[in-house]
Amino acid sequence: MTKLWVGTNWKMHKSIKEGMKYADQLGRIVSELNADIEVFIIPSYTALWPIKNQIAHAPIRLGAQNMHWADSGAYTGEVSPLMLKEIGLEIVELGHSERRQYYNETDERINKKVLAALKHGLRPLICIGETRDQKHHSVAEEILSIQLKIALSGVGMADAERLLIAYEPVWAIGEEGVPADKRHVSRMHAHIRAILEQLLGREAGRSLPILYGGSVNRANSLEYLSLENVNGLFIGRAAWDIQSFGQILMDIDNFCRSGSKALRQ
Ligand code: PGA
């Protein structure tokens, strides 16, 4: 059965102390969940190591917000896959729209990072999404195809089970974001699924989790999750407060147990 993946990227928020308190509370919340939900958090680099130790026994997966593709080298300010491996991380988020927008993160660079992450046994969480203008010009599908085809270039079927994809329309993210309507999300996730099947083969492409992100909150989380091909949620603001994230997780837990989410076999 395909599990749901629900997680949060903290962006440039939370001190080590705040992060540890949050992780501790999250550990307790997650231990009460009954459904098969993979919960993950993506703190800042400085908080990763202490949080890794803090949640050593909790079923919480941990990720980094970015990495370089090289094992080591003269790349001041960068973090390598080996460094992430060294602290026992599992997930690395790649291609978030803020990295594309502010740090010149291209599809080609994301591809190098995806290949490096896979080579080192990390799980790439690849973020894709169209801008407001691209949606306006009705080229969202084309943009998603390009982003996926380049990001996954050279990725074999055997690696597919370690990939996570997050569809995050740029216009839906952050303070200025407008929550996406369900029909749009549904259409884009179906398109992403079709591209994944085309690139990775039907079997691998079908089972790969596609998360939705962008202004997800307690009021809309179940609506998004009830859509076909939405296999999880990637949450920013609404998950930075542990009570709020806890509520969302408990809602999802009840939702799954009530059989409302037909998890694919
Ligand atoms: P948001 O952020 O939930 O605050 O819109 C989503 C994201 O950036 O992944």
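Read the numbers this way: they start at 1 and go in the same order the structure lists the ligands and their atoms.
Between Ala160 and Leu200, the shortest heavy-atom contact is CB-CD1, 4.1 Å.
Taking 4.5 Å as the limit, some side-chain heavy atom of Met188 sits within range of a side-chain heavy atom of Glu141.
Of the listed residues (Arg237, Glu93, Glu176, Glu98), the one carrying the non-hydrogen atom nearest atom 4 (O) of ligand 1 is Arg237. Comparing Ala172, Ala238, Gly236 against atom 3 (O) of ligand 1, the shortest heavy-atom distance belongs to Gly236.
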Derivation and outcome, salt bridge (charged side-chain N to carboxylate O under 4.0 Å, His left out), residues Arg100 and Asp107 | CA-CA 9 Å; Arg100 293 178 188 260; Asp107 291 320; 2.7 Å; yes
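Look at Gly177 and you'll find every heavy atom at least 4.0 Å from all atoms of ligand 1. Distances from ligand 1 to the non-hydrogen atoms of Glu175 include no value under 4.0 Å. Residue contact check for ligand 1: Asn9 places no non-hydrogen atom closer than 4.0 Å to it.
Contact check on Asp24 versus Lys21 returns no salt bridge, with no Lys/Arg side-chain nitrogen under 4.0 Å from an Asp/Glu carboxylate oxygen.
With respect to atom 9 (O) of ligand 1, the closest heavy atom belonging to the protein is Glu168 OE2, 2.6 Å.
The contact set between ligand 1 and Lys11, taken as ligand atoms under 4.0 Å from a residue heavy atom, comprises 2 (O), 7 (C), 8 (O). Those atoms of ligand 1 that come under 4.0 Å of a heavy atom in His96, given as number and element, are 7 (C), 8 (O), 9 (O). Listed by number with element, the atoms of ligand 1 under 4.0 angstrom from any heavy atom of Gly174 are 1 (P), 5 (O).
Between Trp10 and Tyr22, the ring planes lie perpendicular to each other; the angle is over 60°, past the 30° to 60° tilted range.
Taking a 6.0 Å sphere around NE2 of His13, one finds it holds more than 12 heavy atoms contributed by other residues, nucleotides or ligands.
The distance between the ring centers of His120 and Trp69 does not fall below 6.0 angstrom.
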